[in-house]
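Following: one structure in structure tokens, then a few remarks.
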Amino acid sequence: MAKIVKLDTQEANRCFGCGGDNEAGMRLVFDLDFDARRTRGRFVLGANYAGGAGFAHGGIIAVVLDEAMGKISKLTEEKAVTAELNVVYRRPVPVDREIVVEGWQEEEKGRNRFRVGEIRDAEGNLLARGTARFVAIDKEHFERVRAEREKV
């Protein structure tokens with residue numbers, strides 16, 4: 001039986017993409033598939049995330065792909081931050097219909113994690129594809145920086 005964990009929003013997290021403590025945030029929820037080594041999300045973005053033409057704003061598409069790729073770190077419980085992100089916009093992404101988002105890691109070199117994310121429509125058509133380089137960060141450093149920011 002496949003091990004799949006639902007990555008719900010965390011109430012104390014202010015992340016725009018996946019946090020629960022951000023009124024303007026997207027509150028994206030993903031499943032983490034340990035066997036396939038992928039993240040998957042299915043959701044309707046909604047009109048709040050439309051660009052001028054009525055489809056998803058390009059920046060929102062980048063956020064969704066970044067979140068899908070970033071969640072891969074949960075497979076190994078490491079902390080990694082986006083260092084580079086490239087998005088190829090293939091077709092308009094609807095805001096009023098379900099989209100399917102997947103993320104996975106293709107390569108690891110030292111602290112660098114090379115990942116891919118894709119957005120497809122319900123029929124499986126590729127709408128957008130992202131590639132990114134994430135950098136693994138020492139957990140203690142990550143927590144120390146977080147604590148320093150909370151003091152301010």
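Position 1 is the first residue of the sequence; numbering continues from there.
Within a 6.0 Å radius of CD in E107, other residues, nucleotides and ligands contribute more than 12 heavy atoms.
Here the side chains of M26 and V63 are in contact, with some heavy-atom distance below 4.5 Å. You'll find the side chain of P94 reaches within 4.5 Å of the side chain of I99, heavy atoms only. Contact annotation: the side chain of R129 approaches that of T131 to within less than 4.5 Å [non-hydrogen atoms, C-beta and beyond]. L32 is not listed as a side-chain neighbour of I4, based on a closest heavy-atom distance of 4.5 Å or more. For the pair R97/V44, no side-chain contact is recorded, criterion being any heavy-atom separation below 4.5 Å from C-beta on. The shortest distance between side-chain heavy atoms of N112 and V135 falls below 4.5 Å. Contact of the E108 side chain with the F114 side chain is not registered, since no non-hydrogen atoms from C-beta on lie closer than 4.5 Å. The closest side-chain heavy-atom distance from I119 to Y89 is not below 4.5 Å.
Using modelled atom types, one side-chain atom of T39 and one backbone atom of A68 make a donor-acceptor pair closer than 3.5 Å. Under a 3.5 Å cut-off, the side chain of R111 and the backbone N or O of A136 do form a donor-acceptor pair.
Separating the CD1 atom in I61 from the CZ atom in F55 is a distance of 10.5 Å, to the nearest 0.5 Å. For the atom pair OG of S73 and CZ of R113, the computed distance is 7.5 Å after rounding to the nearest 0.5 Å. Rounded to the nearest 0.5 Å, atoms CD (E102) and CZ (R38) are 5.0 Å apart. Here the straight-line distance linking atom CD of E106 with atom CD1 of I72 works out to 11.0 Å at 0.5 Å rounding.
For the side chain to side chain donor-acceptor pair (under 3.5 Å) condition, the pairs that include at least one residue of residues 19-34, sequence neighbours left out, are D33-R40.
For R115 and Q105, the side-chain atoms include at least one donor-acceptor pair closer than 3.5 Å.
Across every non-hydrogen atom of D138 and E140, the tightest pair is OD2-OE1, 2.9 Å. Taking all atoms of both residues into account, the shortest heavy-atom contact from Y49 to A24 is OH-O, 3.7 Å.
The ring pair (Phe, Tyr, Trp, His ring centres under 6.0 Å) search around F30 returns F43, not counting sequence neighbours. Legend: residues meeting side-chain hydrogen bond (donor to acceptor under 3.5 Å, both in side chains) with R120, ordered by chain and number and at least two apart, are E118.
Test L85, V64, V101 against M69 for side chain to side chain contact (heavy atoms under 4.5 Å, CB included) and you get one pass: L85.
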TODO: Check step by step if side-chain contact (heavy atoms from CB on, under 4.5 Å) holds for V87 and L65.
DONE: CA-CA 8 Å; V87 179; L65 291 168; 3.9 Å; yes

Task: side-chain contact (heavy atoms from CB on, under 4.5 Å) evaluation trace for E67 with C15 - done: CA-CA 10 Å; E67 287 292 331; C15 175; 3.2 Å; yes

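Residues V93 and V100 do not share a hydrophobic cluster, defined by chaining ILVMFWY side chains whose heavy atoms lie under 4.5 Å apart. Placement of V116 and L127 in two distinct hydrophobic clusters is found when ILVMFWY residues are connected by side-chain heavy-atom separations under 4.5 Å, directly or transitively.
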